[in-house]
Protein chains: 2
Amino acid sequence: MAWFRSLVRVAAIETRKASSNPLSTTPTLYSLKHLSTAASNQRRDPQPTPIQYSGLEPTRPDEKPRVVVLGTGWAGCRLMKDIDTKLYDVVCVSPRNHMVFTPLLASTCVGTLEFRSVAESIGRIQPAISREPGSYFCLANCTSMDTNNHLVHCESVTDGPDSLDPWKFKISYDKLVIASGAQPLTFGIQGVKEHAIFLREVYHAQEIRRKLLLNLMLSQVPGISEEEKSRLLHCVVVGGGPTGVEFSGELSDFIIKDVRQRYAHVKDYIKVTLIEANEILSSFDDRLRQYATRQLTKSGVRLVRGIVKDVKAQKLILTDGTEVPYGLLVWSTGVGPSPLVNSLELPKSPGGRIGVDEWLRVPSVQDVFAIGDCSGFVESTGKAVLPALAQVAERQGKYLAQLLNSIGKAEGGKANMANGMDLGKPFVYKHLGSMATIGRYKALVDLRQSKEAKGLSLSGFMSWFIWRSAYLTRVISWRNRFYVAINWLTTLVFGRDISRI
Amino acid sequence: MAWFRSLVRVAAIETRKASSNPLSTTPTLYSLKHLSTAASNQRRDPQPTPIQYSGLEPTRPDEKPRVVVLGTGWAGCRLMKDIDTKLYDVVCVSPRNHMVFTPLLASTCVGTLEFRSVAESIGRIQPAISREPGSYFCLANCTSMDTNNHLVHCESVTDGPDSLDPWKFKISYDKLVIASGAQPLTFGIQGVKEHAIFLREVYHAQEIRRKLLLNLMLSQVPGISEEEKSRLLHCVVVGGGPTGVEFSGELSDFIIKDVRQRYAHVKDYIKVTLIEANEILSSFDDRLRQYATRQLTKSGVRLVRGIVKDVKAQKLILTDGTEVPYGLLVWSTGVGPSPLVNSLELPKSPGGRIGVDEWLRVPSVQDVFAIGDCSGFVESTGKAVLPALAQVAERQGKYLAQLLNSIGKAEGGKANMANGMDLGKPFVYKHLGSMATIGRYKALVDLRQSKEAKGLSLSGFMSWFIWRSAYLTRVISWRNRFYVAINWLTTLVFGRDISRI
């Protein structure tokens with residue numbers, strides 16, 4: 001800090017000088033000339049950065065117990081929102097400092113909503129993290145865990161041209177909540193990671209939007225071949241789950257409403273194809289599925305049944321040999337365990353997720369819990385692994401926050417202090433129904449509790465209205481509720497923005 | 001298009017089949033199996049892309065004359081907005097498909113305004129470009145000009161991991177308007193381009209915002225050294241013109257209002273230093289300058305007089321030997337001619353800009369005009385080169401649109417048809433005053449017509465109000481006026497968004 005103190009010192013001197021001559025044209029511009037040599041000798045070069053930082057030691061007896069939360073998805077964020085920060089210090093480790101409101105992410109790819117309207121910063125979800133002296137947010141990945149010693153190893157995350165070498169540090173925990181989510185499945189198909197774009201993070205949506213607008217503009221280069229124009233403007237979506245269907249719906253809506261008007265030169269070339277190996281929206285009611293199929297077809301989405309075998313830079317190949325040239329490829333075929341989860345030597349559930357008992361504890365280790373897409377019931381509980389849905393993750397986060405709060409109140413917050421404690425009721429999941437939008441003011445709402453059960457299912461404008469209202473009230477902060485409403489309004493009035501920024 | 005026709009054909013067959021069995025669970029999911037082999041034999045591989053496209057030939061006698069506009073800044077956009085598209089086809093060549101509302105760009109770096117609120121797509125500024133059959137927007141750079149044959153050589157611009165090799169094409173013009181702007185001056189100082197961020201485009205503002213939030217988060221890594229924390233959070237701005245001062249003001253406002261609240265762990269480490277070789281805001285009235293200096297100092301910006309000699313990855317070195325470590329370096333020391341302008345064999349103005357006469361024509365060549373920061377009066381006009389201001393560029397665009405419209409009405413629109421035509425009044429620039437904001441509801445408004453003249457100058461809250469209102473009415477579309485107002489409102493009510501997306 002020597003350089004800084006010397007700057008301040010000069011500033012103070014110069015201010016006094018300047019004030020004696022208030023009409024000078026440069027009253028408080030400081031000169032550093034006087035002590036340049038002395039100052040630069042004092043200074044140490046900050047460049048050789050030590051790569052290992054101390055991190056956080058175990059909490060002392062006079063400190064609050066520390067809950068370390070890995071991840072900022074639905075599960076982790078709901079937990080952090082509800083946890084009692086008078087009982088615990090919260091340290092969150094995640095490569096992103098915000099939660100993504102995933103059900104609305106598809107709408108941002110074409111500009112119906114803005115990116116920031118669907119991202120909620122952790123500081124807003126749990127203000128204590130940025131204010132309490134013992135709470136932190138670390139922009140980092142957890143690389144490994146030492147459950148015997150109650151600590152996690154982390155590595156800072158940076159990006160961009162100036163990115164630093166990752167810094168390594170350790171964080172000791174009293175309670176650990178693993179909520180690090182899952183990763184997109186590629187089924188080992190070559191080229192998916194290189195050429196397709198997933199749709200799980202805000203930067204995915206940004207990439208899709210930039211690529212779509214780029215292709216629309218490239219296809220207008222005077223003299224381009226018909227073949228190339230058709231390829232550039234062929235948008236292929238692989239995977240017919242809610243995300244793939246919602247994105248296809250938004251895309252066809254964008255084409256009908258905006259591309260036809262603003263890209264008149266190429267409007268007849270842009271096409272959307274949705275490729276699915278089985279049925280689209282397979283978890284929905286039969287009649288809803290047929291309705292979705294009719295609506296998507298009507299709005300110009302071509303539904304193709306096929307299995308992708310190989311992905312090249314500008315075409316994909318199906319198992320039957322068909323080659324499908326594309327300009328934009330969005331991959332949305334479900335999720336599976338992440339490399340971190342695979343690497344952990346913890347009990348596993350069927351399907352390779354981190355195994356948990358009915359109280360969402362990881363059996364055989366102390367003070368470790370797992371929630372959301374990264375976790376599943378171990379076989380011995382006799383319960384099925386729950387689907388990877390926002391709804392499940394959010395309910396688990398809420399449950400675990402209450403559980404940890406009651407443990408904390410009973411003085412069980414510190415490491416190894418909750419042994420043999422009565423944890424109360426186990427976690428039970430009750431499905432509240434599924435929703436999906438299919439573009440053009442149409443949506444599906446399936447209120448049945450399981451695939452086999454009977455119950456209410458809705459489609460059309462009313463369910464679109466319910467869908468929009470339901471999401472508006474679930475967006476967490478008032479700021480974002482407000483922006484989502486404003487975005488929908490301006491899209492309706494002015495159309496979508498097509499600036500490629 | 002063989003692949004596309006075959007997809008459609010199968011789709012048609014399958015739709016008929018499916019409709020005979022309306023309750024099938026997969027009514028219109030098409031199978032492609034039947035003609036896989038045949039189809040894939042027919043298909044040509046689209047990958048070997050021809051790199052040279054034909055472009056646009058000279059206009060035929062039955063077509064409208066074609067105005068080619070290079071650039072989408074203030075000058076080019078004002079021209080395109082006002083040009084009569086009944087008289088002319090407009091072809092715009094630019095590496096960005098939007099105009100940046102530069103006076104508000106500094107506000108987007110810290111989230112006071114959103115990026116999209118300050119970007120206006122060309123399609124909104126001149127809808128004919130996306131609708132008229134002879135008008136185009138080309139996402140491309142002009143690489144050279146052949147003024148004897150009335151044509152420009154262009155190269156398409158792509159980016160991102162999948163970027164294509166640039167496509168080359170030629171565009172013939174009847175009238176050419178060069179409005180390609182200037183580029184930031186680095187005075188040959190090593191390391192500026194590599195380590196500093198300019199503040200001229202939306203992507204610059206995005207980079208600054210991401211870097212600032214990254215450094216705020218990295219500085220919270222538990223165990224980081226005091227030295228490194230201070231470096232990461234030292235924001236240095238080089239250049240005390242309106243852009244540098246506005247950005248410093250916004251940054252200190254962000255620190256006072258948001259960082260203190262949301263980054264309590266590091267709030268005492270973040271500092272802003274503004275380095276200027278001469279005086280800040282040198283074009284403004286003396287008293288306004290003193291006011292700005294007092295206000296900036298009061299809000300924590302340290303003003304340092306110095307000349308940068310060298311820029312390294314984490315520190316810069318002044319000519320007096322002082323080393324200044326930084327985490328974020330923003331460079332804003334004015335603009336100079338771009339490589340394209342330097343390479344052109346056209347008459348030049350003092351300072352190396354493209355030379356123009358009183359009617360903004362480039363002397364010695366036919367049908368070529370230059371406006372905005374890339375142009376300046378040739379010495380023989382006896383007029384001084386105008387400053388590189390949005391105000392000048394916008395006025396020139398407006399003037400030239402009227403001039404071209406009157407030429408077009410007099411049947412002089414086609415190539416070589418305006419020779420000897422009476423062009424009416426020459427372009428005269430009248431300065432309407434300068435404005436700059438300095439954060440915290442304070443701004444400067446200098447209504448004098450030149451540095452020497454007497455006239456009104458204002459500072460403080462009222463001029464902040466005038467500044468905001470003036471800009472609100474100058475933002476071009478209603479959509480963006482609305483978003484700017486909404487952004488200001490939510491910043492006031494909810495604070496700025498700190499999600500790093």
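This structure is a prediction, so every number in the text was calculated from the model and none was measured. Throughout, protein chains are lettered first and strands after them, A, B, ... in sequence-line order, and every chain is numbered starting at 1.
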Query raised in the report: Using non-hydrogen atoms only, which part of Asn487(A) is less than 4.5 Å away from chain B: side chain, backbone, both, or neither?
Result: both
**Report entry** Residue Glu57(B) excluded, over 12 heavy atoms near CD under 6.0 Å
**Finding:** no
Report summary line: Comparing Ser135(A), Pro127(A), Gly240(A), Gly111(A) against chain B, the one with the most heavy-atom pairs below 4.5 Å turns out to be Ser135(A)
Requested in this report: Give the C-alpha distance, both sets of side-chain angles, the deciding distance and a yes or no for side chain to side chain contact (heavy atoms under 4.5 Å, CB included) between Phe482(A) and Val493(B).
Outcome: CA-CA 12 Å; Phe482(A) 177 70; Val493(B) 177; over 6 Å; no
Query - chain B contact via Val100(A) - side chain, backbone, both or neither, heavy atoms under 4.5 Å - result: neither
Requested in this report: To the nearest 0.5 Å, tell me how far Ser130(B) OG sits from Lys267(A) NZ.
Outcome: 11.5 Å
Report summary line: If you tally heavy-atom pairs under 4.5 Å between each of Gln220(A), Arg210(A), Arg131(A), Met99(A) and chain B, the highest tally belongs to Arg131(A)
Query raised in the report: Among all residues two or more places apart in sequence or in another chain, which pass the side chain to side chain donor-acceptor pair (under 3.5 Å) test with Thr491(B)?
Result: none
Report summary line: Those residues at least two apart in sequence (or on a different chain) that pass side chain to side chain donor-acceptor pair (under 3.5 Å) with Arg124(A) are none
Report summary line: CG (Leu216(B)) and CG (Leu139(A)) are apart, to the nearest 0.5 Å, by 11.5 Å
**Report entry** Pairs of heavy atoms under 4.5 Å with chain A: top-ranked of Gly55(B), Cys138(B), Gly123(B)
**Finding:** Gly55(B)
Query raised in the report: Under a 4.5 Å heavy-atom cut-off, does chain B meet the side chain of Arg116(A), its backbone, both or neither?
Result: both
Report task. Could you tell me the separation between the NE2 atom of His265(A) and the CD atom of Glu132(B), rounded to the nearest 0.5 Å? Result -> 8.5 Å
Requested in this report: Please look at Glu201(A) and chain B and tell me whether the side chain, the backbone, both or neither of the residue comes under 4.5 angstrom of a heavy atom of that chain.
Outcome: neither
Query raised in the report: How far does OG of Ser121(B) sit from CG of Leu213(A), to the nearest 0.5 angstrom?
Result: 9.5 Å
Requested in this report: Name the region of Tyr203(A), side chain, backbone, both or neither, that has any atom closer than 4.5 Å to a heavy atom of chain B.
Outcome: neither
Query raised in the report: Do you know which of Tyr136(B), Tyr263(B), Phe137(B) has the most heavy-atom pairs under 4.5 Å to chain A?
Result: Tyr136(B)
Query raised in the report: Tell me, side chain or backbone of Arg96(B) under 4.5 Å from chain A's heavy atoms, or both, or neither?
Result: neither
**Report entry** Gap between atom CD1 of Ile224(A) and atom CH2 of Trp167(B) - 0.5 Å precision
**Finding:** 3.5 Å
Query raised in the report: For Thr319(A), is it the side chain, the backbone, both, or neither that has a heavy atom closer than 4.5 Å to a heavy atom of chain B?
Result: neither
Query - Under 4.5 Å from a heavy atom of chain B, the part of Leu232(A) involved - result: side chain
Query raised in the report: Any donor-acceptor pair under 3.5 Å linking the side chain of Arg479(A) with the backbone of Arg496(B)?
Result: no
Query raised in the report: Do you know the tightest heavy-atom contact between Leu218(B) and Val157(A)?
Result: CD2-O, 4.5 Å
Requested in this report: Find the distance between OG (Ser477(B)) and CG (Asp497(A)) and round it off to the nearest 0.5 Å.
Outcome: 8.5 Å
Report task. Answer with side chain, backbone, both or neither: which region of Pro133(A) has an atom nearer than 4.5 Å to a non-hydrogen atom of chain B? Result -> backbone
Requested in this report: Examine whether an atom of Ile122(A) lies under 4.5 Å from a heavy atom of chain B, and if so say whether it belongs to the side chain, the backbone or both; otherwise answer neither.
Outcome: neither
Report task. Check Asn97(B) against Met217(A) and note the closest heavy-atom contact, atom names and distance. Result -> CB-SD, 3.4 Å
